[in-house]
Amino acid sequence: MAKKVALLVGVSNYQQGLSALPSATKDAKAIKQVLQHPDIGGFVETDITSVLNQPQNRIEDAIYRLFNNCSSDDLVLFYFSGHGVKDEKGNLYIATPTTRTDQNKRVLPYTAISASFVKDQMTASPSRRQVVILDCCFSGAFAKGLTLGNKSWAVLTSSDTVEYSYAPEPSELSIYTRYLVEGIKTGVGDLNNDGNISVDELYEYTKKKVKEISPKMNPLLDNGRAGYKIVLAKSLQDDPKLKYRKEAERIASQEEKDFTSLNIIYEGSITDNSNRTFLDVLQKSLNLTNEDAKTIETEVLAPFRLRKDKLKNYSKVFAEAIKQSNPLSQGNRQNLKVLQQVLNLIDEDVEQIEKRVLDSLQTPPITNQPPTTTIEDIIGANLPQTPESTRPNKTQAASNPSSGNKNLGTSKPSENVSTVKYPINSKYTQLRDLLAAKKWKEADKETANVMLEAYSRESSGYLSAEDNIKKLPTEVLQTINQLWVKHSGGHFGFSIQKEIYLEVSKDYDKLGDRLGWKKEGKWLHWRELNFSKQAPKGHLPSGICPLGTVEGLIWDGYNVTQVLLNRNDLSS
């Protein structure tokens, strides 16, 4: 008889070099509760194995037994919450309490569990239905290259291949797992109301809720052989609480959109009288108590209220900064960029807040008086008491790009390479001079600097795909590209890379091979690139340059580079 078996791994305790994650073991316990509920998850308790804060060998042994001690008809589920780390080649590892770092604070791969080990067990497993859920940094890298033949499989991850996961202070659970649990436990993850919660439905619900709090997080779903259809749990369709929650979710989302369209911060409460009346009538028709209805609304509105607090904190600090100096001093602008990162706000959020504050000032003051209170003091007073991000280990710095635009424009051939359409002002002077002197390595660094300066993101040190590269002014993109094309004689440049990208049918792995960003199938580190004209055509600018950095593995820049190469206005 077919069974549903699960392994739930949570790691909260780490050695020096990796921060503790108090939520991780709580995540695993919360998942277990919903899975073993007879009317929801339907997993028999004896078929669920929990491994909490165990050393590497015990976790590996549990993973082996999960995938190998099962039958072909069993549904096998592996869940992990903890640190995800990558080596210099971009390979993903699951960190354990015995994971160590070297003197340069780099993780020693042999002290962690490689993603390839888990995938090998999935391949060897007789089970034809397999689900992996990873709540860790860089988890989106797990499914790369996974096929599993004729097996139905799905991989749900809390983050993209190069981004961190976040766990804010108001909850005992991580953001991602909190909404996985909510979607299953309450039944609200059953989006099509058929009584089943499938992988794709849970993914859609969780992603929507995660982005209400942390817009920069990008949960992913990868699957094979229709793995997205695998049913993970059931929902109680006749449950009055579920019916009320779904209507409250719908109304709150619509009100938030209405407020945002008017450039007004949504307070996280039902304000429209007709919506309020509708919910009150619905509550009575469902025979819900006032306490039940209030509890549901509080849970539904919690992410909106947390987001409101973040926006108001930034607004308060920006308003004080404008009073001190208008236009903003470089130091205050850098401090605000740091605050934006801490609050996990996207650029559109910041632009709306700053416009709102400036519009509220009839005559914005122009001041340059030394402040009695520094912006650093104001920021400190407005930050959460507990750091929002408990996942990132800053010794493993990485960027946080989003998924890119897939609509490719037509690239023009590299001709008239000596023509520069835009005037070279001072911000391009150093880049021009470095390229003219054939100092390719220094020019690559300066290209990253110029792109950072276009968004005043020097302090944060990276650019995102959707918020920055996709919207990079045409003048900046064209000028940088034409300088590279001109001074390299048509050998280097973004437009040269785009031509090759089209030739390989937008296959980024093949692009890496053609541009010389890979060697023997492995992605190179920036320092390993060939900074000479003997390099392959299109080798430069480097594949992580659009990230705003030139340190790290070239693979880390794949999202932002793809978005850049997809732009219609990129041509020689």
Side-chain angles (χ1 to χ4, degrees), residues 27 80-81 83-86 90 92 115 132-144 146 154-168 173-180 183 189 199-223 228 303 306-307 310 340-350 388-393 396-407 457 460-471 508 544 546-549 552-553 555-564 566:
D27 290 342
F80 171 76
S81 180
H83 274 301
V85 296
K86 292 197 301 183
L92 176 68
V132 172
I133 302 176
L134 301 178
D135 190 351
C136 62
C137 302
F138 318 124
S139 50
F142 179 88
K144 186 176 184 295
L146 187 61
V155 177
L156 290 158
T157 60
S158 62
S159 61
D160 208 330
T161 61
V162 290
E163 68 183 10
Y164 294 112
S165 296
Y166 296 86
L173 304 180
S174 74
I175 291 177
Y176 184 66
T177 294
R178 183 199 320 176
Y179 291 115
L180 283 175
V199 167
D200 60 334
E201 288 179 305
L202 186 59
Y203 160 71
E204 292 292 347
Y205 175 77
T206 304
K207 182 174 183 176
K208 172 181 174 293
K209 299 298 291 186
V210 164
K211 284 188 169 293
E212 286 174 3
I213 291 182
S214 295
K216 289 187 176 181
M217 280 184 67
N218 189 37
L220 297 179
L221 165 63
D222 291 282
N223 72 99
Y228 64 91
L306 178 59
R307 180 165 166 75
K310 292 180 178 182
Q340 176 186 347
Q341 296 301 313
V342 172
L343 295 177
N344 196 22
L345 299 176
I346 59 177
D347 289 343
E348 284 82 352
D349 292 334
V350 168
E388 174 184 347
S389 170
T390 61
R391 288 288 164 94
N393 178 355
Q396 307 159 34
S399 64
N400 184 21
S402 320
S403 59
N405 178 14
K406 298 184 184 298
N407 296 321
R457 295 182 69 86
S460 62
Y462 72 85
L463 298 170
S464 68
E466 288 292 313
D467 298 335
N468 301 134
I469 297 302
K470 187 176 180 180
K471 301 173 184 177
Y508 200 74
I544 53 174
L547 278 176
T549 181
L553 195 70
W555 169 256
D556 288 346
Y558 88 103
N559 259 343
V560 287
T561 300
Q562 286 190 114
V563 170
L564 186 148
N566 286 341

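In what follows, residues are counted from 1 in the order of the sequence shown. Owing to the predicted nature of the structure, the values given are computational and were not obtained by experimental measurement.
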Quick one: does [X]'s side chain get under 4.5 Å of [Y]'s, heavy atoms only?
X	Y	result
Ile133	Asp135	no
Asp222	Leu146	no
Val210	Arg178	no
Glu212	Leu306	no
Tyr176	Asp27	no
Pro219	Lys209	no

Should Glu204 and Lys208 count as an ion pair when the cut-off is N to O under 4.0 Å?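 So Glu204 does not pair with Lys208 through a salt bridge.
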
Any ion pair linking Asp349 and Arg307 (charged N to carboxylate O, less than 4.0 Å)? yes

Of all heavy-atom pairs between Cys137 and Leu92, which one has the smallest distance, and what is that distance? O-CD1, 4.0 Å

Atom of Gly84, atom of Phe138 and distance for their closest heavy-atom approach: O-CD1, 3.4 Å

Distance in Å, [X] [atom1] paired with [Y] [atom2], rounded so as to fall on 0.5 Å steps:
X	Y	atom1	atom2	answer
Thr177	Ile175	OG1	CD1	10.5 Å
Leu220	Ser139	CG	OG	7.5 Å
Met217	Thr157	CE	OG1	9.0 Å
Asp200	Leu221	CG	CG	7.0 Å
Leu345	Ser214	CG	OG	9.5 Å
Tyr179	Leu202	OH	CG	13.5 Å

[X] side chain to [Y] backbone, donor-acceptor under 3.5 Å:
X	Y	result
Lys310	Val342	no
Thr561	Gly557	yes
Ser159	Cys136	yes

Lys207 and Tyr203: side chain donor to acceptor below 3.5 Å: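 A pair is found: one side chain offers a donor N or O, the other an acceptor, under 3.5 Å apart.
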
